[in-house]
Chemist: 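This is the structure, below, for whatever I ask next.
Proteins get letters first, then strands, A, B, ... in listed order; numbering begins at 1 in each.
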Amino acid sequence: MSTPYKPEIVEQEAQRHWQEARSFEVDEDPGKDKFYCLTMFPYPSGKLHMGHVRVFTISDVIARYQRMLGKHVLQPMGWDAFGMPAENAAIKHGVPPAEWTYRNIAEMRGQLDRLGYAYDWSREVTTCRPEYYRWEQWLFTKMFEKGLVYRKNSVVNWDPVDQTVLANEQVIDGRGWRSDALVERREIPQWFMKTTAYADELLEELDRMPGWPESVKTMQRNWIGRSEGVELSFDVKGEDEPLTVYTTRPDTLMGVTYMAVAAEHPLAAKAAKDNPDLAAFIAECVRTDAAEATIETMEKKGMPLGISAIHPLTGDEVPLWVANFVLMSYGTGAVMAVPGHDERDWEFARKHGVTIKQVIAPADGSQIDIQEQVFVDKGVLVNSGEFDGMDYATAFNAIADHFERTGRGRRTVNYRLRDWGVSRQRYWGTPIPIIYCDDCDAVPVPEEDLPVVLPEDVTVTGTGSPLKDMPEFVNVACPKCGKDARRETDTFDTFVESSWYFARYACPDNDTTMLDERAAYWTPVDQYTGGIEHAILHLLYSRFFQRVMRDEGLTDVSEPFTNLLTQGMVLKDGAKMSKNKGNTVDPQELINKYGADTVRLFMMFAAPPEQSLEWSDDGVQGSYRFLKRFWHAVIDHAAGGPVAALDLKALNDAQKALRRKTHQTIAKIGDDIGRRSSFNTAVAAAMELLNAVNRFDDDSEAGRAVEHEALEAVVLMLSPMTPHICHALWQTLGHDTALIDHRWPDFDASALELDMIELVVQVNGKLRGRVAVPADAGKDDIEKLAIADDNVQRFLDGKEIRKVIVVPGRLVNIVV
RNA sequence: GCCCGGGUGGCGGAAUUGGUAGACGCAGCGGACUUAAAAUCCGCUGUCCGAAAGGACGUGCCGGUUCGAGUCCGGCCCCGGGCACCA
């Protein structure tokens, strides 16, 4: 009887070795080729979920693989510790958010240790600690000095019952999640970071980032949304101020038949003064949440204001409407509408009986009926007076020139990207380091007074920030004039913390500067792994912040993440696994039952990393069975005693075949992990090789030597995925040095050579036979052999061969 | 609504550059071992026709390009992610 596989013993033993040897603590060694491998750090929600296990395992596999290639690997871990769930828990259980958070961190840290990840814990970063957030407060004050931050009014979701600001997530079907009250849009002053100042750079650099997936780069390009258009103004009858609008389709200008303004627009308010119906409509428009998805999908509604604008080219009167889909905070709060050539305008015009005018005709001369079908393509101008017959580009320039000449408009570049609103009316976050003084206005907290420490001993009620009720926090002297002043009680968006933590891992203990020379050594991150749900916001904010730090002289690096792997979600019942939806599976139970290696292996094997993984409990058992087979295969082999050195010249065909399989597999798994990030096929290839070893029944000296080589290769190549069992089996195979310090195996190209190869024979593209041909056979010989095949002959019978296509090494296709 | 993905056996998935569709695993069925069960081992397993050899069909739907399409092109359907205050 051989020793049974006991994961809990094997795993403890391996982890003890790594801990005693401090295997994963790294310093800065300029002589070594560094590799910074990073995972998006977790929010400490309580327990690890399957999504965490998936992303951490992917990253750990990459880190361990790179280490085996000889790289000097840093893989740190930390906690994105500020956020709403801590406040929600506080309201529910009466526990201060800080206490709840620290408790969760301790719990999750234990779970991570149990999974055997190769983390350098000496660099742990926790964002709710003052020694971390003081530096983002400091950078904010620097940005303030440079004019990179500013304050302006901005829309929030207001719960009129709980008297508090709600996150979009807390608005359910237009109602507050706790009060069930209809949510209102409300404008309050908030701090913004000028992300648009970097819009061009953020966009252009995407073209020089080969290590990022195309899909993510496309999403970011579309999000930034650079467009070239014309800004022009319409006079409004009876008003001094003209109405300014932006359009990318000035060629359709002659088709403008109405204009629309936001409900909060001053012109709407003015018109509503003596029009109760209009006032009621405007009030209704405000009773909706501020999410773009809500606004874009809700029924498009509008009402005429009874005021007209003057068309700048024709002088015709154009009616002004107020519409629920125009937002005051984006652009100028007004749009021109061309129902003939814009989908949304067309639907709105049909519904409200506004004139639809055709001013663009299809370039191919075909006829269209604009009353029946909107036409949005670019074409040739019609019904446009002096511009008739022009194509899009000619008309764009002619009309833009006209406006620039008359001073009533200009060519402009516009971005869909907006500046980043970083104020949150919440307690559990980084205090915004600003003091308001009646005389000096908003004054940044001086460097020597940083950090502004968030008080941790509080009671959270769910109706506004507890900071407002803490005079010892709020009441301060103005840093400029010394008069009584008030501290800002809003905190930062938690995305601010996660926009620079990757750099701080390099120097988490530095209390005199944000980043030091150690950051210069480790950054940029070589491999960043995280959920596809972060494709835009987190990754774009980080790219922005990196540039702000660069321009502050803290780093030379512009792009924070050289290579990006976006892993798919772990789904359950077709939806993202999340605590909110209550569809989570607890990884801990599986670890207790099967061990960390089984869970790690299953996560890697069940789906390719970039695709979503629909969770099913079946299959984990299969991974466990495989590890048991693996265990016994190695133990049984080792029980045969020491093996002789491999004598390549003395091998028989079966031995050569196993050796070929071994080296084919080494080549494949290296490519799968190193180039393709295709971990599921890497595991499958390792399984195939082990299956070949188990079928291989040869106790001769040469046979055992070939088997030994194959098993060593499997142990080494599976070690990034299942490091514990491989650590133990490496010793079983007779090594007295630890696997963790061993190199990735090399493959022997000469082992791959074959004398005969099998080709597939097709007739008219359909598989009809197979022929074995010498590896060096010429095209003519291959053709003859293919045509001679019995089954192929049946399909060639009596037909004329028109063409024969030979794809070397693959197939022959005979066309008849 | 807009942007980005995905859809292949009973299930998870493989097919890397347009070249053998279904690797590897799960589940299922049959067998060995066992007093029995579990565990383990061996074999079969896309659907249909056929005793077999073999054949027909088959990668969400409709159409196209090609000697050859899961892969490329056009048009749809369904599912997932994001949409700026969830992280």
Side-chain angles (χ1 to χ4, degrees), chain A residues 40 42-43 45 80 83-85 156-157 165-171 190 195 213-216 218-219 221-223 225 290-298 300 325 343-344 416-426 493-495 498 531-538 540-541 566 568-569 571 574-576 578-580 602 605-608 610-616 618-623 625-626 628-629 632 668 671-672 675-676 678 680-681 683-688 691 694 758-767 770 791 794 802-805 807 810-811 813-816:
Chain A
M40 291 179 188
Y43 177 79
S45 52
D80 189 14
M84 268 198 331
V156 292
N157 302 309
V165 175
L166 298 178
N168 285 340
E169 192 194 47
Q170 297 171 314
V171 180
Q190 311 211 58
T195 43
E214 268 324 305
S215 59
V216 174
T218 305
M219 280 191 262
R221 278 189 198 103
N222 293 338
W223 185 262
E292 184 185 319
T294 309
I295 289 151
E296 290 289 324
T297 51
M298 70 190 177
K300 308 290 181 289
F325 54 85
E343 195 99 35
R344 190 175 66 185
R416 211 188 73 93
L417 179 73
R418 306 195 300 261
D419 283 336
W420 177 12
V422 293
S423 294
R424 295 294 178 270
Q425 296 69 46
R426 274 186 260 290
D493 178 4
T494 58
F495 273 126
S498 57
I532 184 67
E533 68 272 25
H534 294 295
I536 296 173
L537 293 180
H538 162 61
L540 197 58
Y541 291 146
T566 50
M569 320 249 147
L571 307 180
K576 178 179 174 177
S578 77
K579 234 180 162 179
N580 278 341
F602 177 70
F605 183 56
E610 308 215 71
Q611 282 182 31
S612 57
L613 183 157
E614 171 70 35
W615 180 259
S616 96
D618 303 336
V620 181
Q621 180 78 29
S623 294
R625 262 206 298 265
F626 169 76
K628 277 199 286 189
R629 271 204 306 279
H632 290 293
K668 174 165 175 58
D671 188 53
D672 278 354
R675 182 181 62 88
R676 297 209 299 150
S678 178
N680 53 328
T681 55
V683 173
M687 287 173 168
E688 275 190 64
N691 289 344
N694 282 338
E758 188 182 71
L759 292 186
V760 158
V761 186
Q762 298 179 334
V763 179
N764 286 347
K766 288 195 188 259
L767 175 67
R770 290 160 206 276
N791 201 48
R794 288 177 45 208
R802 300 212 337 240
K803 200 173 172 187
V804 179
I805 293 152
V807 182
R810 285 195 185 267
L811 57 71
N813 189 14
I814 302 165
V815 186
V816 296

Chemist: Is any side-chain heavy atom of Q170(A) closer than 4.5 Å to a side-chain heavy atom of N157(A)?
Modeler: no
Chemist: Using atom P of each nucleotide, how far apart are G6(B) and U71(B) to the nearest Å?
Modeler: 13 Å
Chemist: L759(A) near the nucleic acid: base, sugar-phosphate alone, or nothing, with a heavy-atom cut-off under 4.0 Å?
Modeler: nothing
Chemist: For A39(B), what is the paired nucleotide under Watson-Crick or G-U wobble rules, both distances under 3.5 Å?
Modeler: none
Chemist: Are the side chain of Q611(A) and the backbone of P608(A) linked by a donor-acceptor contact shorter than 3.5 Å?
Modeler: no
Chemist: Has K628(A) got a side-chain N or O lying under 4.0 Å from the OP1 or OP2 atom of U40(B)?
Modeler: yes
Chemist: Please evaluate the base of C85(B) for a donor-acceptor partner in the side chain of Q190(A) within a cut-off of under 3.5 Å?
Modeler: yes
Chemist: Say you pick atom C1' in C62(B) and the same atom in A69(B); how far apart are they, in whole Å?
Modeler: 16 Å
Chemist: Is G9(B) syn or is it anti, if syn means the base angle is within 90 degrees of 0?
Modeler: syn
Chemist: What does V804(A) touch in the nucleic acid at a heavy-atom separation under 4.0 angstrom: a base, only the sugar-phosphate, or nothing?
Modeler: nothing
Chemist: Base contacts versus sugar-phosphate-only contacts with protein, heavy atoms under 4.0 Å: please encode nucleotides 16-24 of chain B as B, S and - from 5' to 3'.
Modeler: B--BB--BB
Chemist: Rounded off to whole Å, could you give me the CE-to-C1' distance for the M569(A) and C79(B) pair?
Modeler: 14 Å
Chemist: At less than 4.0 Å, is any side-chain N or O atom of T494(A) found next to OP1 or OP2 of A87(B)? Yes or no.
Modeler: yes
Chemist: Please report the distance separating the C1' of U47(B) from the corresponding atom of G9(B), rounded so that it comes out in whole Å.
Modeler: 9 Å
Chemist: Pick base, sugar-phosphate or nothing for H538(A), based on heavy-atom distances below 4.0 Å to the nucleic acid.
Modeler: nothing
Chemist: What integer number of Å spans the P atoms of A32(B) and G25(B)?
Modeler: 24 Å
Chemist: Specify the residue among P608(A) and D493(A) whose closest nucleotide of RNA chain B lies further upstream toward the 5′ end.
Modeler: P608(A)
Chemist: For the pair made of CD1 in I536(A) and P in G82(B), what is the distance, rounded to whole Å?
Modeler: 10 Å
Chemist: For the pair made of CD in E533(A) and P in G5(B), what is the distance, rounded to whole Å?
Modeler: 17 Å
Chemist: Is C72(B) paired to anything, Watson-Crick or G-U wobble with both distances less than 3.5 Å, and if yes, which nucleotide?
Modeler: G64(B)
Chemist: Using a cut-off of 4.0 Å on non-hydrogen atoms, how would the nucleic acid contact of G421(A) be classed: base, sugar-phosphate, or nothing?
Modeler: sugar-phosphate
Chemist: Hey, which sits more toward the 5' end of RNA chain B by its nearest nucleotide, M219(A) or K803(A)?
Modeler: M219(A)
Chemist: Indicate, with a heavy-atom threshold strictly under 4.0 Å, whether V216(A) touches base, sugar-phosphate, or nothing.
Modeler: nothing
Chemist: Using a 4.0 Å heavy-atom cut-off across all strands, classify T218(A) as base, sugar-phosphate, or nothing.
Modeler: sugar-phosphate
Chemist: Figure out the CG/P separation between N157(A) and C83(B), and round it to whole Å.
Modeler: 14 Å
Chemist: With C1' as the reference atom in both, quote the distance from G58(B) to U20(B) in angstrom, rounded to an integer.
Modeler: 15 Å
Chemist: Which nucleotide, in any strand shown, forms a Watson-Crick or G-U wobble pair with G12(B), with both distances under 3.5 Å?
Modeler: C24(B)
Chemist: Does V683(A) reach the side chain of F626(A), with side-chain heavy atoms less than 4.5 Å apart?
Modeler: no
Chemist: Using a heavy-atom cut-off of 4.0 Å across all strands, would you classify F626(A) as base, sugar-phosphate, or nothing?
Modeler: nothing
Chemist: Quick one: label S423(A) by what it contacts on the DNA or RNA (base, sugar-phosphate, nothing), any heavy atom closer than 4.0 Å.
Modeler: base
Chemist: Does C2(B) have a Watson-Crick or wobble mate here (both distances under 3.5 Å), and if so which one?
Modeler: G82(B)
Chemist: Write down the distance separating the P atoms in A56(B) and A21(B), rounded off to the nearest Å.
Modeler: 12 Å
Chemist: Could you tell me whether the phosphate oxygens of C85(B), OP1 or OP2, come under 4.0 Å of any side-chain nitrogen or oxygen in R418(A)?
Modeler: no
Chemist: Tell me which nucleotide, if any, is Watson-Crick or G-U wobble paired with C57(B) when both distances must be under 3.5 Å.
Modeler: G46(B)
Chemist: At under 4.0 Å between heavy atoms, what does Q170(A) touch on the DNA or RNA strands: base, sugar-phosphate, or nothing?
Modeler: nothing
Chemist: What contact category does A606(A) fall into here, base, sugar-phosphate, or nothing, at under 4.0 angstrom with non-hydrogen atoms?
Modeler: sugar-phosphate
Chemist: Can you tell me, in whole Å, how much space there is between the P of G10(B) and that of U45(B)?
Modeler: 15 Å
